[in-house]
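Comments concern the structure below.
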Amino acid sequence: MNIGSKLKELRLAEHKTQAQVAEKLNISRVNYTRYENNASRPDYETLIASADLYDISLDELFDRKQR
């Protein structure tokens, strides 16, 4: 799974709009949409904020399995 798909999956599971998530992350909705569509990649701060928002680890955000 790519990061955009994971972000979308997490957002939909929380029943949030792209605008609501973007506001929580302090970014524009347009930028957030680009992340979900894999048109651009989030910076480190946004990745960390996303993991914090959904109360998951960065490993979970990147869909990495525990060894």
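All values below were derived from every heavy atom in this structure, side-chain atoms included, with hydrogens, water molecules and symmetry-related copies excluded. Please read these numbers as outputs of a predicted model, since none were measured by experiment.
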- For Glu23, check side-chain hydrogen bond (donor to acceptor under 3.5 Å, both in side chains) against everything at least two apart and list the hits. none

- Note on the structure: For Tyr54 and Leu10 the tightest heavy-atom approach is CE2-O, 3.6 Å

- Query: Between Asp59 (side chain) and Arg64 (backbone), is there a donor-acceptor pair under 3.5 Å?
  - Reply: no

- side chain to side chain contact (heavy atoms under 4.5 Å, CB included) filter on Ala19, not counting sequence neighbours, yields Thr17, Arg29

- Query: Heavy-atom distance under 4.5 Å between the side chains of Ser57 and Glu60, does that happen here?
  - Reply: yes

- Message: With a 4.5 Å cut-off on side-chain heavy atoms, are Thr46 and Asn31 touching?
- Response: no

- Query: Mind checking whether Phe62 and Ile3 have side chains closer than 4.5 Å, heavy atoms only?
  - Reply: yes

- Between the side chain of Arg11 and the main-chain N/O of Lys16, is any donor-acceptor distance below 3.5 Å? yes

- Rounded distance [0.5 Å steps], CG in Asp43 versus OH in Tyr35: 5.5 Å

- Can you tell me how far CD of Glu45 sits from OG of Ser50, rounded to the nearest 0.5 angstrom? 11.5 Å

- Correct closest heavy-atom pair for Leu61 and Leu47 would be CD2-O, 3.5 Å

- Atom pair OG (Ser40) and OH (Tyr32), whose distance is rounded to the nearest 0.5 Å: 12.0 Å

- Query: When rounded to the nearest 0.5 angstrom, what distance separates CG in Leu25 from CD in Gln20?
  - Reply: 12.0 Å

- Query: For the atom pair OG (Ser5) and CG (Asn38), what is the distance rounded to the nearest 0.5 Å?
  - Reply: 6.0 Å

- Query: For Asp63 and Lys6, which heavy atoms make the closest approach, and how far apart are they?
  - Reply: OD1-NZ, 3.8 Å

